[in-house]
Amino acid sequence: MSTANAAAGQSADRGTAQPPTPVSFPPKEIKKQCDGIVTRYPTRMAACLPVLHVAQKHYGGWISPEVEAGVAEYLGVSDSHIRGLLTFYAMFNSKPSGRHEVWVCRTLTCWLRGAVQLRSTALEKAGVEACGVESPDGKFLVKNMECLGLCEEAPAVFIDGQPHVNVTPEKLSELLDACE
Amino acid sequence: MTAKKKAAAKKASTKKASAKKAAAPAKVVRAADGSYPETRILSANFGVKDSWTLPVAKKNGAYKSLEKAIKTMTPAEVIDEVKTSRVRGRGGAGFPTGVKWGFVPTDTDKAKYLVLNADESEPGTFKDRFLMELDPHLVLEGCLLCAYATGLDVIYIYVRGEYPLSIARLEGAIEEAREAGLLGKDILGKKGFNVEAHVHPGAGAYICGEETGMLESLEGKRGHPRIKPPFPAVEGAFGCPTVINNVETLAHVPSIIEHGGAWFGDLGIAPDPDNPRAMGSAGTKLMGLSGDIKTPGCWEFEFGITVRELIEQYGGGALDGRTIKAVIPGGLSMPVLTADELDVPMGFDALVKVGSGLGTATAIVMDDACDMVEACENIAHFFADESCGQCTPCREGCHWMEKIFTRIKAGDGTPADLDLLEHLFVNIEGRTICALADAAVWPLRSILRKFRHEFLAKMPGHADPHAADAKASDAAAPVGAK
């Protein structure tokens with residue numbers, strides 16, 4: 001897989017000739033939190049994951065190339081290091097992630113208990129063909145996640161970071177209808 | 001989460017004899033009717049109102065063992081007690097915990113770290129979540145005992161990002177403990193016993209549960225497992241000596257210190273004196289059930305309950321009108337057992353003996369409605385998705401296996417595909433840096449061998465070239481054996 005292709009696939013802004021202009025990071029709303037995280041570790045690089053969590057939450061659920069560059073500058077690592085993390089870890093989004101992020105567990109226990117129907121329901125509600133694509137109205141991003149660790153109450157779904165268990169297609173429809 | 005709380009409360013009321021900090025529970029015996037009782041040591045406080053707060057935890061005896069250790073024992077004595085207990089790691093590998101602690105150098109001037117493995121991303125596994133959500137102070141006390149025994153400075157609790165409540169409860173517990181003088185400088189008045197604790201959130205990667213992948217992730221990198229040696233006890237996080245233990249393992253330590261290692265070692269299954277590799281399964285274990293059964297859940301038993309007893313007495317048996325077909329006894333990464341093989345005790349050595357493994361002791365049950373080819377496709381997809389991509393056999397092999405299962409599912413497979421799979425298994429297993437590749441092969445190979453007829457049924461018009469010797473080879477090569 002060529003880097004150019006991978007980058008072009010990430011977002012419309014990626015893979016262009018011009019490097020992104022880094023945002024000034026951290027913004028004042030999350031400065032104290034981020035500075036606090038950095039003090040927990042002997043290296044600044046170690047703060048990458050917790051800081052990216054805070055940044056993703058602050059910037060509407062995804063990390064743009066500009067935020068990526070800002071975080072990289074703040075933690076003294078390269079932009080590509082941060083990009084590497086965003087593409088490696090399933091919880092980080094490097095594309096717009098809709099107003100509501102829906103995770104449907106797909107691994108064995110949930111699959112046995114009806115996860116396939118839940119995924120169909122979620123995709124239908126979002127009006128998209130496949131997981132990982134923001135819905136055209138910008139409302140939902142449905143993600144196919146591996147085991148969420150709620151197996152005793154399978155099947156499980158997360159909506160905006162909140163777990164829902166023993167979910168039926170009907171219940172999921174209601175939950176998604178309730179999203180603004 | 002209300003259903004779970006209700007279940008926990010029900011459990012608490014049915015067995016109030018929570019023995020954790022009072023008299024030591026006696027060795028379990030099956031009742032006259034054959035029922036296998038719970039032994040609640042780790043789970044003694046599950047279902048207690050606000051069990052995760054410091055005042056309630058203290059009322060139930062939290063941090064008494066830490067006080068005992070600090071005031072009456074040397075660090076070496078604590079390690080000896082844990083060695084005597086024969087407690088083995090609860091994360092899947094089953095390494096003796098006391099021995100692991102003994103590897104940490106005492107004569108180094110580097111910082112030392114504990115990385116608590118709370119990444120619990122093994123599919124079907126949720127036992128550590130119960131501990132972190134319902135008794136975070138027990139977990140923290142275990143960490144502090146480890147810190148005292150091995151002389152370490154900082155505790156990092158690596159919790160998977162998908163466990164928001166666990167993260168919140170642990171952060172709350174750390175905050176309470178810090179205010180109460182249980183973390184920070186001169187803990188409980190002990191001069192020079194300085195320990196800090198931090199929660200480090202993961203971000204959704206199975207491989208970060210592998211201990212060296214976890215270290216890389218803690219250091220802010222992609223979770224690529226490291227080649228060993230050097231082992232983490234010598235060179236782990238940030239190049240310093242590091243202990244890595246599972247949540248449940250360390251949650252056992254307070255009761256071991258309270259009642260003594262010999263007490264713990266007497267519980268469960270004794271080692272086999274004639275086989276030095278059969279180190280026994282000492283103590284109790286949180287065991288879980290999920291999948292096609294009536295009442296999935298998590299319970300604590302002394303080692304010894306059989307898989308069938310667990311499913312029938314606690315899991316409520318098969319769903320109405322269905323029969324159980326297969327069980328993976330320990331998370332997803334272990335070889336499968338058929339319905340005829342369930343009378344085996346849930347224990348480290350017993351399950352290895354029948355060609356499977358204890359893993360995380362949280363079984364996934366599949367019934368007759370489950371298509372084993374599709375199950376294999378699902379399992380192979382998981383490992384293909386979660387492979388970190390470092391080693392070619394795993395990165396390419398897992399995707400290749402998934403493609404073959406997809407092809408067979410679609411009716412386009414031939415018996416040659418089954419031979420190709422066997423060929424892939426041999427060239428994936430044991431040929432990579434970490435055990436993820438092995439973990440992918442074990443369930444798939446065992447399902448393919450034990451349910452070969454289901455694969456052949458999707459290949460109409462093709463005769464099995466190995467029909468004659470299938471039986472013989474099954475007997476000769478136990479599934480899961482290297």
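As the structure is a prediction and not an experimental result, all values here were calculated from the model. Residue numbers start from 1 in every chain, and the chains themselves are labelled A, B, ... in the order their sequence lines are given, proteins ahead of strands.
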* Checking heavy atoms, do the side chain of B:Asp119, its backbone, both or neither come under 4.5 Å from chain A? -> neither
* Would you check if the distance from the ring center of B:Phe405 to the ring center of B:His381 is below 6.0 Å? => no
* To do: For the residue pair A:Val102 and A:Lys143, establish whether any side-chain heavy-atom pair is separated by less than 4.5 Å.
  => no
* Does some side-chain heavy atom of B:Glu122 sit less than 4.5 Å from a side-chain heavy atom of B:Asp128? -> no
* Donor-acceptor under 3.5 Å (B:Glu171 side chain, B:Val199 main chain) -> no
* To do: Using the six-membered ring wherever Trp is involved, compare the ring planes of A:Tyr89 and A:Phe92 and label them parallel, tilted or perpendicular (cut-offs 30° and 60°).
  => perpendicular
* Asked: Checking heavy atoms, do the side chain of B:Glu120, its backbone, both or neither come under 4.5 Å from chain A?
  -> neither
* **Flag side-chain contact, heavy atom, 4.5 Å: A:Trp103 against A:Ile159** => no
* To do: Pick one of side chain, backbone, both or neither for B:Ile293, based on which atoms fall under 4.5 Å of a heavy atom in chain A.
  => neither
* Engaged part of B:Leu319 at the chain A interface, taking heavy atoms whose separation is under 4.5 Å -> side chain
* Structure fact -> Whatever's closer than 4.5 Å to a heavy atom in chain A on B:Pro201 counts as both
* Asked: Where on A:Arg113 is there a heavy atom nearer than 4.5 Å to chain B: the side chain, the backbone, both, or neither?
  -> side chain
* To do: Heavy-atom pairs under 4.5 Å with chain B are the metric here; pick the option from A:Cys48, A:Gly149, A:Gly161, A:Ala47 that has the most.
  => A:Gly149
* chain A contact via B:Ser217 - which portion, at a heavy-atom distance below 4.5 Å -> both
* Please examine the side chains of B:Pro123 and B:Tyr206, heavy atoms only from C-beta on, and report whether any two atoms are closer than 4.5 Å. => yes
* In terms of heavy-atom pairs under 4.5 Å, which option from B:Ala111, B:Gly202, B:Gly389, B:Ser121 contacts chain A the most? -> B:Gly202
* Asked: Which atoms of A:Phe158 come close to chain B, meaning under 4.5 Å heavy atom to heavy atom: side chain ones, backbone ones, both, or neither?
  -> side chain
* Asked: Would B:His200 and B:Tyr158 count as a close aromatic pair, with their ring centres under 6.0 Å?
  -> yes
* Between B:Ser333 and B:Trp442, is any pair of side-chain heavy atoms under 4.5 Å apart? -> no
* Option in B:Gly204, B:Pro164, B:Gly161, B:Ala369 with maximal non-hydrogen atom pairs under 4.5 Å from chain A -> B:Gly204
* Considering only heavy atoms, which portion of B:Leu332 lies under 4.5 Å from any heavy atom of chain A: side chain, backbone, both, or neither? -> side chain
* Contact class of B:Phe382 relative to chain A, heavy atoms under 4.5 angstrom -> both
* Heavy-atom distances under 4.5 Å only: say whether B:Phe383 touches chain A with side chain, backbone, both or neither. => neither
* Structure fact -> When the 4.5 angstrom heavy-atom criterion is applied to A:Arg106 and chain B, the contacting part is both
* Asked: Which bit of B:Cys388 comes within less than 4.5 Å of chain A, counting heavy atoms only: side chain, backbone, both or neither?
  -> both
* Interatomic distance, B:Asp153 atom CG to B:Lys110 atom NZ [nearest 0.5 angstrom] -> 13.0 Å
